Every structure is written in C-alpha cells, then in structure tokens.
Amino acid sequence: KLNGKLKEGITATDLVLSITQILRNHGVVGKFVEFYGEGLKNLSIADRATISNMAPEYGATCGFFPTDDETINYLRLSGKNQHHLDIVKNYSKKQKMWLDDSYSPTFSENISLDLNIIEPTVAGPKRPQDKMLLKDIPVNFKKLVGSKIEVKNLEDNIKTGDIVIAAITSCTNTSNPNVMMAAGLIAKKAVEFGLTVKPWVKTSLAPGSKVVSDYLTKAGLTKYLDKLGFNLVGYGCTTCIGNSGPLDEWISNEIKAKNLTVCSILSGNRNFEGRVHQEVKANFLASPPLVLAFALVGNININILNDP
C-alpha cells in the first residue's frame, strides 16, 4: 500500500529501488504484487511502469496497478475512442477492479510504504536490491574497498572508485519523461557552467524508444547531452546486458596493472558483477539525472549532495 507523495526532486527510480529492497527482504518470489492506496493518485503512468518493470528484480511474477483515471488517460493518449474508454471504466467498476475510496480487495499479505520518506537512492555495487542512500555512498564504498582509495586524480591515470562507464540505458527509466527531461536539464546547466565529463568516463544514451529522442530534441536538450558525450548509440538494450563495448586501452591497462575497483553507473535494472563489463567490479543503478551528475564528477566516492 502506497501512501502520501514523493518529495520534490525525488524520482521514480529512487522509489523503485527502495521498493525492490523492501520486497526482496520480505520475499515475493512467485507472487502477484498489486500496488494500491491513496498514494497512487500522485504517481503517473510512467512512474507506475517504472515500478512494474522491476518485478524480476524484486522477485515477483508481476507487479501491477488497479484501473483508475490515470489508466483511462493513458488509453485516451494512445488513441482509444470514448466508447472504448467507457467500456473499460464501466467494466472495471462492475468487477470491483476500479480504484476509488471503496476499493478494498482481500490480499494474502499487506506491506505499507509512505512515499514521503523516500530519499535520493542508488543500488549497488552488485545487486539491484542493495539499496544505498545517495548521501551514504562514500561510507559504504570505503567499506567495500578498504584502504585502496587514493586521493588525487591526474588526467592520464585512474584510481579505485573512478567511474569508467556512465550509461543512460533503455529500461523504463528512459521511458519515463520526468527523469529523462531532468537529465537533459542537468546537461544544459552543466554546459552553461562550462563543466565537462571526466576523460576516463565512457558515456552513452540508449533510449528504449524514438519518442524519447523526439521530445528531447523538441525541448532543445539533445545538443547539451551530445556535448557532454551522451550521444545516441541506438535504441534497445546496451550496457545492462554487457553491450557497452571495450574501454579505452589505457584504462584497461591501468585497471589490470593496479588491480583497481572501478565503477559503472547506469539507469538500468541489473548490475550483477561482470554483467556490465568484465573489468568493472562495482556497478550502481541510478536515475538518468544522477548518471549524468556522476559522469561529471568521475568518481563514485563522493557525497554528491554536499561535497563540492
């Protein structure tokens, strides 16, 4: 049961990574998970799709939402006529599947989550259920690598904690206009302030649909993403399934010679060790705007909320 409303600046990715941890800990393998409650009125279709798409990661057979006005709005947006919409609405109400104040199915188990407690979140370094608050990354990463962290970066070398892959990938994160527009706006601000992505970070943008390219271009944001290296590489699965391609030779050589624990950050669903890239040991799932922000920093070992 979802209650309340996400705070300003909190993304659907932050929410779904929190839900994934909660449901993995509870145990929902083989279950049908329905999300309901008054909090649904504050979640768009795109946000709901992001949550449902992570069902394999939280272990459920499926994650779904009851029919409500947001469903009808989506059907209208997809071109259905009024007669079709009326049938869906009336049928759902007669079958007691319509979400309103009287909606009270009998569930085998109930879990409650207040949306207003969700904070900026990533998941990693090896499993999608390993939620980590954004502010806690430095502490947790130091526990992972111990004393291997070096202090300074030169342009021609890398160190443990450096991000060598930053990918805005094709899962429902990139079918969610809210987080994609946020990434584009961060890119715009970064370019205007003269910021650049660090030279050891391999960047890419692979939306799941050409619609994403269309609205980013119409909003005037594609040129800023391009300038930071988040160029369109195609549509479909890329980094999530290991299709990120080779790292620059000098980067691979440094990783092997120094036995470095380097990182990737991606807006995908899965981050198992070796899945993204065989030379990248630590992989973090994050929203598209966070992927872009960390690409500018070039290292995971930072409290991006407070550190300069």
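Given the structure is predicted, the values throughout are model-derived calculations rather than measurements.
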Student: For N299 and I163, work out which heavy atoms get closest and say how close.
Tutor: C-CD1, 3.7 Å
Student: For N283, does its backbone N or O pair with a side-chain atom of N271 as donor and acceptor, under 3.5 Å?
Tutor: yes
Student: Start with the C-alpha gap between I304 and L134, add the side-chain angles, then the distance that decides, and say whether side-chain contact (heavy atoms from CB on, under 4.5 Å) holds.
Tutor: CA-CA 7 Å; I304 207 167; L134 194 59; 3.5 Å; yes
Student: Assess whether salt bridge (charged side-chain N to carboxylate O under 4.0 Å, His left out) is satisfied between D226 and K223, documenting all intermediate values.
Tutor: CA-CA 5 Å; D226 287 345; K223 60 186 178 183; over 6 Å; no
Student: For N269 and N53, what are the C-alpha separation, side-chain angles and deciding distance, and is it a side-chain contact (heavy atoms from CB on, under 4.5 Å)?
Tutor: CA-CA 9 Å; N269 285 16; N53 183 249; 2.8 Å; yes
Student: Find out whether I300 and I137 are in side-chain contact, i.e. whether some heavy atom of one side chain is under 4.5 Å from a heavy atom of the other.
Tutor: yes
Student: Do you know the tightest heavy-atom contact between L225 and A183?
Tutor: CD2-O, 4.2 Å
Student: Any sub-3.5 Å donor-acceptor pair from N303's side-chain atoms to L305's backbone N or O?
Tutor: yes
Student: Any link between I302 and V262 through a network of hydrophobic side chains (Ile, Leu, Val, Met, Phe, Trp, Tyr) touching at under 4.5 Å?
Tutor: yes
Student: Going from CG on L77 to CD1 on I72, what distance comes out if it is rounded to the nearest 0.5 angstrom?
Tutor: 12.5 Å
Student: Quick check against the 3.5 Å criterion: does E70 have a side-chain atom that pairs as donor or acceptor with the backbone of L43?
Tutor: no
Student: Kindly say whether D136 contributes a backbone atom to a donor-acceptor pair with the side chain of N140 at under 3.5 angstrom?
Tutor: yes
Student: Has the side chain of T238 got a donor or acceptor atom that lies under 3.5 Å from a matching backbone atom of G234?
Tutor: no
Student: Could you grab the distance from atom CG of L185 to atom CG of L216, nearest 0.5 Å is fine?
Tutor: 9.5 Å
Student: Once you round to the nearest 0.5 Å, how far does NZ of K210 lie from CG of L232?
Tutor: 9.5 Å
Student: Less than 6.0 angstrom separating the ring centers of F107 and Y36, yes or no?
Tutor: yes
Student: Can you tell me how the ring of F65 sits relative to the ring of F35, calling it parallel under 30°, perpendicular over 60° and tilted otherwise?
Tutor: parallel
Student: For a 4.5 angstrom cut-off between non-hydrogen side-chain atoms, does L290 reach S287?
Tutor: yes
Student: Counting only N and O atoms by type, is there a donor-acceptor contact under 3.5 Å from the side chain of S78 to the main-chain atoms of L75?
Tutor: yes
Student: Taking W98 for its side chain and T67 for its backbone only, find out whether a donor-acceptor pair lies under 3.5 Å.
Tutor: no
Student: So how far is it from D69 CG to L85 CG, rounded to the nearest 0.5 Å?
Tutor: 11.0 Å
Student: With rounding to the nearest 0.5 Å, note down the distance linking CG in D130 to CZ in F284.
Tutor: 9.5 Å
Student: Would you name the heavy atoms of V276 and S264 that are closest together and state the gap between them?
Tutor: CG1-OG, 3.7 Å
Student: Is there a side-chain contact between P288 and M180, using heavy atoms and a 4.5 Å cut-off?
Tutor: yes
Student: Evaluate E119 against K135 for salt bridge (charged side-chain N to carboxylate O under 4.0 Å, His left out), listing each step before the verdict.
Tutor: CA-CA 9 Å; E119 295 185 50; K135 63 185 179 184; 3.4 Å; yes
Student: Looking only at non-hydrogen atoms, find the nearest pair between A166 and A295 and report the distance.
Tutor: CB-CB, 3.8 Å
Student: Are I45 and I51 connected in a single hydrophobic cluster, I mean Ile/Leu/Val/Met/Phe/Trp/Tyr linked by side-chain heavy atoms less than 4.5 Å apart?
Tutor: no
Student: Would a 4.5 Å heavy-atom cut-off, applied to side chains only, mark V212 and L205 as touching?
Tutor: no
Student: Please walk me through it: do D68 and R48 pass salt bridge (charged side-chain N to carboxylate O under 4.0 Å, His left out)?
Tutor: CA-CA 12 Å; D68 63 359; R48 298 178 192 188; 2.9 Å; yes
Student: Would a distance-only check, ignoring hydrogens and angles, find a side-chain to backbone donor-acceptor pair under 3.5 Å from N73 to R76?
Tutor: no
Student: Decide whether I117 and L17 are clustered together by the hydrophobic rule: side chain heavy atoms of Ile, Leu, Val, Met, Phe, Trp, Tyr closer than 4.5 Å, transitively.
Tutor: yes
Student: Closest approach of S112 and N3, non-hydrogen atoms and distance?
Tutor: OG-ND2, 2.9 Å
Student: Between L221 and V233, is there a shared hydrophobic cluster once you connect ILVMFWY residues whose side-chain heavy atoms come closer than 4.5 Å?
Tutor: no
Student: Applying side-chain contact (heavy atoms from CB on, under 4.5 Å) to V211 and Y235, what does each step give before you reach the verdict?
Tutor: CA-CA 10 Å; V211 172; Y235 301 96; over 6 Å; no
Student: Atom CD of residue position E192 - does it have more than 12 heavy atoms of other residues, nucleotides or ligands inside 6.0 Å?
Tutor: yes
Student: Provide the closest heavy-atom pair for T239 versus A167 in the form atom of the first, atom of the second, distance.
Tutor: OG1-CB, 3.2 Å
Student: Walk me through whether N301 and K142 qualify under side-chain contact (heavy atoms from CB on, under 4.5 Å).
Tutor: CA-CA 8 Å; N301 189 37; K142 282 168 186 168; 3.8 Å; yes
Student: Is a donor from one side chain sitting under 3.5 angstrom from an acceptor on the other, for T222 and T217?
Tutor: yes
Student: Kindly state each residue pair satisfying side-chain hydrogen bond (donor to acceptor under 3.5 Å, both in side chains) with at least one member in residues 85-97, sequence neighbours excluded.
Tutor: Q82-D86
Student: Please tell me whether W250 and V280 are part of a single hydrophobic cluster in this structure, the criterion being side-chain heavy atoms less than 4.5 Å apart.
Tutor: yes
Student: Answer whether the closest heavy-atom distance between the side chains of F141 and C263 falls below 4.5 Å.
Tutor: yes
Student: Is the closest side-chain heavy-atom distance between N176 and D47 below 4.5 Å?
Tutor: yes
Student: Is any side-chain heavy atom of I186 less than 4.5 Å from a side-chain heavy atom of K189?
Tutor: no
Student: Looking at I251, is its backbone amide N or carbonyl O close enough to the side chain of D248 to form a donor-acceptor pair, meaning the two atoms are under 3.5 Å apart?
Tutor: no
Student: Taking the side chain as everything from C-beta on, heavy atoms only, tell me whether L228 gets closer than 4.5 Å to V191.
Tutor: yes
Student: Tell me which donor-acceptor pairs under 3.5 Å the side chains of residues 22-31 have, and how far apart each pair is, sequence neighbours excluded?
Tutor:
residue : atom : partner : partner atom : Å
R24     : NE   : E57     : O            : 2.7
R24     : NH2  : P56     : O            : 3.4
R24     : NH2  : E57     : O            : 3.3
N25     : ND2  : Q21     : O            : 3.3
H26     : NE2  : E109    : OE1          : 2.8

Student: Run the salt bridge (charged side-chain N to carboxylate O under 4.0 Å, His left out) test against K1 and tell me which residues pass, sequence neighbours left out.
Tutor: none
Student: With rounding to the nearest 0.5 Å, note down the distance linking CZ in R275 to CG in L266.
Tutor: 10.0 Å
Student: Treating D100 as the side-chain partner and S102 as the backbone partner, does any N or O pair qualify as donor plus acceptor under 3.5 Å?
Tutor: yes
